[in-house]
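Quick note on labels: first sequence line is chain A, next is B, and so on, each numbered from 1.
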Amino acid sequence: MHEQYQPGAVESQAQEFWAQNKSFEVKEDSSKEPFYCLSMFPYPSGRLHMGHVRNYTIGDVISRYQRMLGKNVMQPMGWDAFGMPAENAAIQNKVAPAAWTYQNIDYMKKQFNQLGLALDWSRELATCKPDYYRWEQWLFTRLYQKGIIYQKKGTVNWDPVDNTVLANEQVIEGRGWRSGALVEKREIPMYYFKITAYAEELLADLDKLDGWPEQVKTMQRNWIGKSFGADIVFDYDKDSVGIDGQLKVYSTRPDTLMGATYVAVAAEHPLAQRAAESSPEVAAFIKECQTASTAEADMATMEKKGLATGQFVIHPLTGEKLAVYVANYVLWGYGEGAVMAVPAHDERDFEFANQYGLPIKQVYRSTDDSLPFNDKEWQDWYADKDNVLTVNSGTYDNQPFQAAFDAIVADLEAKAHGKRKTQFRLRDWGISRQRYWGCPIPIIHCPGCGDVPVPEDQLPVVLPENVIPDGSGNPLAKMPEFYECQCPKCGADARRETDTMDTFVESSWYYARYASAKLDTGLVDKQAADYWLPVNQYIGGIEHAILHLLYARFFHKLMRDEGLIGSDEPFTNLLTQGMVVADTFYRMQPNGGRLWFNPEEVEVELDAKGKALGATLKADGQPVQIGGTEKMSKSKNNGVDPQVMIDQYGADTCRLFMMFAAPPEMSLEWSDSGIEGASRFLRRVWRLAHKHVSAGPVNRVAPDNLSAEQKELRRGIHAAIEHASRDISQHHKFNTAIAQVMTLMNTLEKAPTETDLDRSLLQEGLESVCLLLSPIAPHISHVIWQQLGHNTPIIDEQWPVADAAALVQDSLQLVVQVNGKLRGHIEVPASASREEVEASARSNENVLRHIEGQTIRKVIVVPGKLVNIVAN
RNA sequence: GCCCGAAUGGCGGAAUAGGUAGACGCAAGGGACUUAAAAUCCCUCGAAGGCAACUUCGUACCGGUUCGAUUCCGGUUUCGGGCACCA
């Protein structure tokens, strides 16, 4: 054993051992309990970033820990390889997305191996390879035939200069990011997954997910957004509209129908379109509405604008005429594209009504009149359904919410002008993308037969890989050799669909494919899937809390209904990890912009107490501004390259620091001195092990007849095992588990080594340190474990269990409070009765001072913890 | 705008189920070793007062419940994630 800890040598030794022994390749084995541990697969962007390192280290720690609990652990890895960045890189560097992607995968795979991850590479997959996406296409055709996939029109951002569809991300302040042209909304035909057909189940099954964070389940519940309301039908006023017809709206508050004073429709709504025919003003407004972002956040924050169409509709209960407005805040393609407005009880309607001088009619009052009506200030009676009664509502007056709701809906139903309805906020999932680097949609458009799914024996529809997109339109649509084909049904000349699928589709089922990643006769092998699925532990960023996780849950149910798998939910336990953040530094530029400097280029000055005073650039010694702590990103130039850290300190140190600096759910602040501390700790472990091993083999002695000090030492060892085990198993609190091991190391370093018994205890302590550390710092643990005299690898050891006898204490330290304030400590025998504890507390000197001259009202004894004397 | 989170020393964070606020680590200050540096070891380390024992204040802000609140409840502020074509 080398005297100095040399991470490079230690890590290659351990990694070679694992590689030679194929330590992490696993097979279905019915004699062992399976544990499928999965971290969200990465997009092959080029290099690993700290977020990856964190994500995969967390997964690796859990995997290695579960293996030590005796489970058959599968931890696979793959590549979420389709997506926009490859196309952007292609445009910039004139390299084909495929070549760029494969090159990135090669590099990142090397980096993964340097991290010492316990991955089963025999199951590796890349979503851009035909042997993967052919099964996606296969499933697509089955779902298409079932009607789960259908076509309808959807709205996209259209760049009129580049003649291309833009992602929301590519729209900067209403303009195309490359062309700078004002972006327009455009309606194009797209394929949709009917996820709304599963809304009820997706909502209900959240209750089964005990292993998911409550926060994520709440977000999904709100996203699915089940609401109880009614469709309400307003007849057209024929005089103003010009034709007979009906306007349908959905409202969750039909009880406020008597307060409706106008209706608002989206620009794309037939009523608005009709008004535009005769009114240039309306036409102009509709055009204005079309040059806007499709993102909901923009819709909700933009200035609410509207215009009277000159049309009216008839209130179904009162017969009153209500004005029809076209408004930019009403979403087309969501609900009916029209809403009834009740300005007295809806903040947005209230704002709009005030802006355009529309009537405001109050139909609720607070039961105790504590909230007087005031048409200048909006009153939030909506939020308080319990303490309100209807008013100004004719026959519906003086009723609480539910009674008014029921009465009004009943009357609407009787008049055939409305119907009770449960609705979801969730919308069907549009998956057509007018992009090259994605999975081709397996549909053939035949002039005679219509849309025909590609038959199974003609799959996969292979995406040509030697294409370099130029940023305008979809390259596939310019390639006759791709789109020219024959109809599989009638053999006539036909056109292949050139849209590709949303990359979320690939990531919705990859976890199932890992069970039998190389299978070429089906999407999954049923037996393998039954053994491994569902995923026992899924780990990924909180930013995926809604979309990815909801789509994956949806796909799981689709695959179940296809008979491919046997469970209802894909991920039994979910861990959402926080971001990796770092300090930012910048200088103002003459043009008002900020020039960002990497933390590495900056020197921070501290005052005598270590508080940051300011910072200077190393290059010129001139000051830079401190910009606060933000997510590591290219734009803020505050990224730290994990590769540099691995080269400098080794993988174990990086892993240890990442696991120690914060609990996994919280954001993690990168700190150069923090990683220095992690490195120092591992050197201490190595040094103590080296000293111990150099002193020769240990004569194992049974831990009987221990002195008080030895007993205390052994208690420390087993307390560390006890606490670290609890921290890891119950809450994934690796940071406190590591703190336990550090505390143990502090005691072990001071422990005597004179007798065989002393050395035997130290051996026990060092073995415990190794075992507890092995999931986190696997390389150093692997090597020290051998040095401590073991012939079998530590990865196959059992997780240690604390010896209950070693944890027993003879006496306990209790806290004594007077009126809840700490006034002293007492030491009592562990066996002391409540009376003895109380008596001891009451005789404490400092306690006596504080209760002098007062009457003791109550004494609260919390066993093993504290005594509180209530006196006055 | 809507939905979901977070806020504790100079810093990262800790505090089973309402019971000692600051575990563990970093930084800083002091000291030891050394020709020197690195490495290592020892001591101090929330604020204020006090020689000390100890006292008062202190977990973003305002209020409440409780013998006792970082923890529970109501309200506010700031920061972060998501908002359906970034992944």
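The gap from the P atom of B/C79 to that of B/C45 amounts to 36 Å, rounded to the nearest Å. Annotation: B/G49 and B/C43 have their P atoms spaced 26 Å apart (nearest Å). To the nearest whole angstrom, the two C1' atoms, one in B/A38 and one in B/C33, are 13 Å apart. The separation of B/U20 from B/C73, taken at their C1' atoms, amounts to 25 Å, rounded to a whole angstrom. Taking atom P in both B/C24 and B/A14, one finds a spacing of 14 Å when rounded to whole Å. Comparing B/G22 with B/A47, their C1' atoms are spaced 14 Å from each other, to the whole Å. Using P as the reference atom, B/A15 and B/A21 are 16 Å apart when rounded to the nearest Å. The separation of B/C42 from B/U59, taken at their C1' atoms, amounts to 32 Å, rounded to a whole angstrom.
Under the Watson-Crick and G-U wobble criteria, each requiring two contacts below 3.5 Å, nucleotide B/C83 is paired to B/G1. In this structure, B/G50 makes no Watson-Crick or G-U wobble pair, since no nucleotide meets both defining distances under 3.5 angstrom. Base-pair partner of B/U20: not found among the strands shown (Watson-Crick or G-U wobble, both distances under 3.5 Å). Pair assignment for B/U40 gives B/A32, based on Watson-Crick or G-U wobble hydrogen-bonding distances that are each under 3.5 Å. In a base pair of the Watson-Crick type (N1 to N3 plus N6-O4 or O6-N4) or a G-U wobble (N1-O2 and O6-N3), with each distance short of 3.5 Å, B/C26 is matched with B/G10.
A/Lys858 contributes no side-chain N or O that, together with a main-chain N or O of A/Ile856, makes up a donor-acceptor pair within less than 3.5 Å. The backbone N or O of A/Gly824 lies less than 3.5 Å from no partner atom in the side chain of A/Asn846, so there is not a single donor-acceptor pair.
A/Arg683 comes within contact range of the sugar-phosphate backbone alone, with a heavy-atom separation under 4.0 Å but no base atom that close. Counting any heavy atom pair closer than 4.0 Å across all strands shown, A/Met658 reaches no nucleic acid atom. Counting any heavy atom pair closer than 4.0 Å across all strands shown, A/Ala678 reaches no nucleic acid atom. Contacts of A/Ser507 with the nucleic acid, taken as non-hydrogen atoms under 4.0 Å apart, are absent. Residue A/His825 is in base contact, counting any heavy-atom pair closer than 4.0 Å across all strands shown. Using a 4.0 Å heavy-atom distance criterion, A/Ala545 is classed as making no nucleic acid contact. If you check every strand for non-hydrogen atoms under 4.0 Å, A/Val581 touches nothing. As judged by a 4.0 angstrom heavy-atom cut-off over every strand, A/Lys750 is placed among residues touching the sugar-phosphate backbone only. Base contact: A/Leu426 has a heavy atom under 4.0 Å from a base atom. Among the heavy atoms of the strands, none lies under 4.0 Å from A/Ser671. Backbone-only contact: A/Lys733 has heavy atoms under 4.0 Å from sugar-phosphate atoms and none from a base. Within 4.0 Å of A/Met666, counting heavy atoms only, lie sugar-phosphate atoms of the nucleic acid but no base atom. Among the atoms of the strands shown, none is found under 4.0 Å from any heavy atom of A/Glu347. Across all strands, A/Phe504 comes closer than 4.0 Å to base atoms (heavy-atom distances).
Separating the CG atom of A/Asn88 from the C1' atom of B/C85 is a distance of 13 Å, rounded to the nearest angstrom. Taking atom CG of residue A/Asn735 and atom C1' of nucleotide B/G25, one finds them 11 Å apart after rounding to whole Å. Remark: C1' of B/G1 and CZ of A/Phe352 are 16 Å apart, rounded to the nearest angstrom. Going from atom CD of A/Glu296 over to atom C1' of B/C83 covers 5 Å, rounded to whole Å. B/C85 atom C1' lies 13 Å from atom CG of A/Asp298, rounded to whole Å. Atom pair A/Asn222:CG and B/A84:P shows a separation of 16 Å (rounding to whole Å applied). Taking atom CZ of A/Arg348 as the reference point, atom P of B/C2 lies 10 Å away to the nearest angstrom. Counting to the nearest Å, the C1' atom of B/A6 and the CG atom of A/Leu668 are 15 Å from each other.
Sequence order on RNA chain B of the closest nucleotides to A/Glu749 and A/Asp502 puts A/Glu749 first from the 5' end. Between A/Glu676 and A/Phe82, the residue anchored nearer the 5' end of RNA chain B, judged by the nucleotide with its closest heavy atom, is A/Glu676.
Within a 6.0 Å sphere centred on NZ of A/Lys217, heavy atoms belonging to other residues, nucleotides or ligands number more than 12.
For A/Thr164 and A/Asp159, the side-chain atoms include no donor-acceptor pair closer than 3.5 Å. Remark: the A/Arg823 side chain and the A/Asn844 side chain contain no N/O donor-acceptor pair separated by less than 3.5 Å.
Put simply, A/Arg435 has no side-chain N or O that comes within less than 4.0 Å of OP1 or OP2 on B/C86. Note on A/Arg433: a side-chain N or O is less than 4.0 Å away from OP1 or OP2 of B/C85. Side-chain N/O atoms of A/Thr218 include none lying less than 4.0 angstrom from OP1 or OP2 on B/C4. In this model, the phosphate group of B/A39 is not approached by any side-chain N or O of A/Arg684 to a distance below 4.0 Å at OP1 or OP2.
Counting distance only, with no hydrogens placed and no angle test, the side-chain atoms of A/Gln740 and the base atoms of B/C24 include no donor-acceptor pair under 3.5 Å. Taking only distance into account, the side chain of A/Arg726 meets the base of B/U16 through a donor-acceptor pair shorter than 3.5 Å.
The aromatic rings of A/Trp437 and A/Phe82 lie perpendicular to each other, with more than 60° between the two planes, well past the 30° mark. The aromatic rings of A/His548 and A/His544 sit perpendicular to each other, their planes meeting at more than 60°, with 30° as the lower class boundary. Using the six-membered ring where Trp is involved, A/Phe554 and A/Phe193 have ring planes that are perpendicular, over 60° apart on the 30 and 60° scheme.
Remark: A/Tyr43 in residues 38-46 of chain A come within less than 4.0 Å of RNA chain B through at least one heavy atom.
With contacts defined as side-chain heavy-atom distances shorter than 4.5 Å, the pair A/Pro599/A/Trp670 does not qualify.
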Please enumerate all protein N or O atoms sitting under 3.5 Å from an N or O of nucleotides 56-59 of chain B, with distances to 0.1 Å.
{"from": "B/U56", "atom 1": "OP1", "to": "A/Arg823", "atom 2": "NH2", "distance (Å)": "3.3"}
{"from": "B/U56", "atom 1": "OP2", "to": "A/Arg823", "atom 2": "NH1", "distance (Å)": "3.2"}
{"from": "B/C57", "atom 1": "OP2", "to": "A/Lys821", "atom 2": "NZ", "distance (Å)": "2.8"}

Under the criterion salt bridge (charged side-chain N to carboxylate O under 4.0 Å, His left out), I'd like the reasoning laid out for A/Arg348 against A/Glu351: C-alpha separation, chi angles, the key distance, then a yes or no. CA-CA 5 Å; A/Arg348 199 169 56 177; A/Glu351 197 185 307; over 6 Å; no

Please determine whether side-chain hydrogen bond (donor to acceptor under 3.5 Å, both in side chains) holds for the pair A/Arg684 and A/Asn746, giving the CA-CA distance in whole Å, both sets of side-chain angles, and the decisive distance to 0.1 Å. CA-CA 10 Å; A/Arg684 277 170 57 200; A/Asn746 289 341; 2.5 Å; yes

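Here A/Tyr538 and A/Tyr511 keep their ring centres 6.0 angstrom or further from each other. Ring-centre distance between A/Tyr649 and A/Phe657: not below the 6.0 Å cut-off.
Here B/G9 is in the syn range [glycosidic angle within 90° of 0].
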Using a 4.0 Å heavy-atom cut-off, write out nucleotides 67-80 of chain B from 5' to 3' as B (base contacted by protein), S (sugar-phosphate only) or - (no contact). BS-----------S

